[in-house]
Amino acid sequence: MHFAFGRAFMGFWQAPDKRLIWFAGLPTDTPPGPAELAQVPAAEWLARLRELYAGHVPGEQLLRHTGPDELMVVGRMDRMPSVPHWHRGRMVLVGDAVHAPSSSSGQGASLAIESAVELARCLRDLPTPDEAFAAYEALRRPRVEAIGLNAAAVNKVKAGKSEHAPAFPAPEEMFRPLRFHRIEWEEKVKAGMTPRRARLEVVGASPGLLPTTRASNRPAPAARRADRAGAEPASP
């Protein structure tokens, strides 16, 4: 998959049948709902995209070879806000039920697996569910919320709403906090334990913090959709 920035963002990749599939977003302050989206003909969406991406490489050429019947308008996709309570009594939430990140983070499944492992550690080492759930939340909340904020900052850049130009550090610096997460399974969990922390450079925004990372997490498979804060995604 390839990503191209400019006045607006576009992603594209080649399908097995050699077709080029792309996705893009139309920045807007008031994203329309599904009913409003359906009232606008595909030809009009395509005309708006062609105007926005005029002179964009390779957006202009991709749109020139796209017809209205090939366009799929999917609307805005929102990131789940921070959940104030992860557990109550003997019930605890894990994965997307409590920390669903923007799909542009590519981290949803990875974060869910990490949380399940950390929850198992806490239940193994602490004497009561209340203590185990509290430790689990303390260990996981900083990482999942930092990844969510990072994805939101990336979405602003992709929607053309960031005050900063996209910044791309070396790959090892860009992906280390996300892709190299390590859970110390043999380490005993104690009440009040907090995660180790490492710097995370947020693209087009101020630096954030993430727990230290080491093990590989693969991004989610590409889909024919766009996730843009304040954008109307569209794809063929």
Side-chain angles (χ1 to χ4, degrees), residues 1-79 100-110 150-171 174-175 178-179 202-205 217-236:
M1 182 178 292
H2 305 275
F3 303 100
F5 287 85
R7 287 185 302 163
F9 166 82
M10 176 173 279
F12 60 97
W13 72 96
Q14 189 174 59
D17 61 4
K18 305 302 183 182
R19 291 181 306 145
L20 283 176
I21 301 173
W22 57 266
F23 57 92
L26 287 170
T28 176
D29 292 323
T30 55
E36 296 173 277
L37 289 172
Q39 291 174 2
V40 180
E44 184 174 334
W45 286 122
L46 189 57
R48 294 185 192 180
L49 286 164
R50 285 173 174 167
E51 180 181 359
L52 176 65
Y53 286 89
H56 184 281
V57 179
E60 183 176 42
Q61 184 177 2
L62 289 172
L63 288 162
R64 186 184 304 125
H65 294 282
T66 300
D69 59 326
E70 299 175 292
L71 199 66
M72 180 188 300
V73 181
V74 297
R76 179 179 179 176
M77 299 180 186
D78 295 313
R79 180 175 66 92
S102 165
S103 60
S104 64
S105 72
Q107 292 293 301
S110 299
N150 183 61
V154 170
N155 288 343
K156 287 184 66 177
V157 174
K158 291 178 178 179
K161 292 180 173 291
S162 175
E163 297 177 358
H164 307 277
F168 295 98
M174 181 186 301
F175 297 120
L178 294 177
R179 314 288 192 231
V202 178
V203 176
N217 288 329
R218 293 185 179 180
R224 292 189 183 183
R225 65 188 184 191
D227 185 357
R228 311 286 175 263
E232 300 165 14
S235 66

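Computed from a predicted model, the values in this text were never measured in an experiment.
Scored by the side-chain contact (heavy atoms from CB on, under 4.5 Å) test, Pro68 finds Ala42, Ala43, Leu46 as partners (sequence neighbours excluded).
For Glu70 (side chain) and Gly67 (main-chain N/O), a donor-acceptor pair under 3.5 Å exists by modelled atom type.
Taken from CD in Gln61 to NE2 in His56, the straight-line distance is 12.5 Å, to the nearest 0.5 Å. Taking CD from Glu51 and CD from Glu60, the interatomic distance works out to 12.5 Å, rounded to the nearest 0.5 Å. Here CZ of Arg64 is found 15.5 Å from OH of Tyr53. Values are rounded to the nearest 0.5 Å. Considering NE2 of His2 and CD of Gln14, their distance stands at 8.5 Å, rounded to 0.5 Å.
For the residue pair Phe12 and Phe23, the shortest heavy atom distance occurs at N-CE2, 4.4 Å. Looking at every heavy atom in both residues, Thr66 comes nearest to Leu62 through OG1-O, 2.8 Å. Among all heavy-atom pairs drawn from Val40 and Arg48, the shortest one is CG1-NH2, 4.2 Å. Across all non-hydrogen atoms, the minimal contact from Val74 to Leu37 is C-CD1, 4.3 Å. Taking each heavy atom of Met10 and Gly59 in turn, the nearest pair found is SD-CA, 3.5 Å. Scanning all heavy atoms of the two residues, the minimum distance from Val73 to Trp45 falls at CG2-CD1, 3.4 Å.
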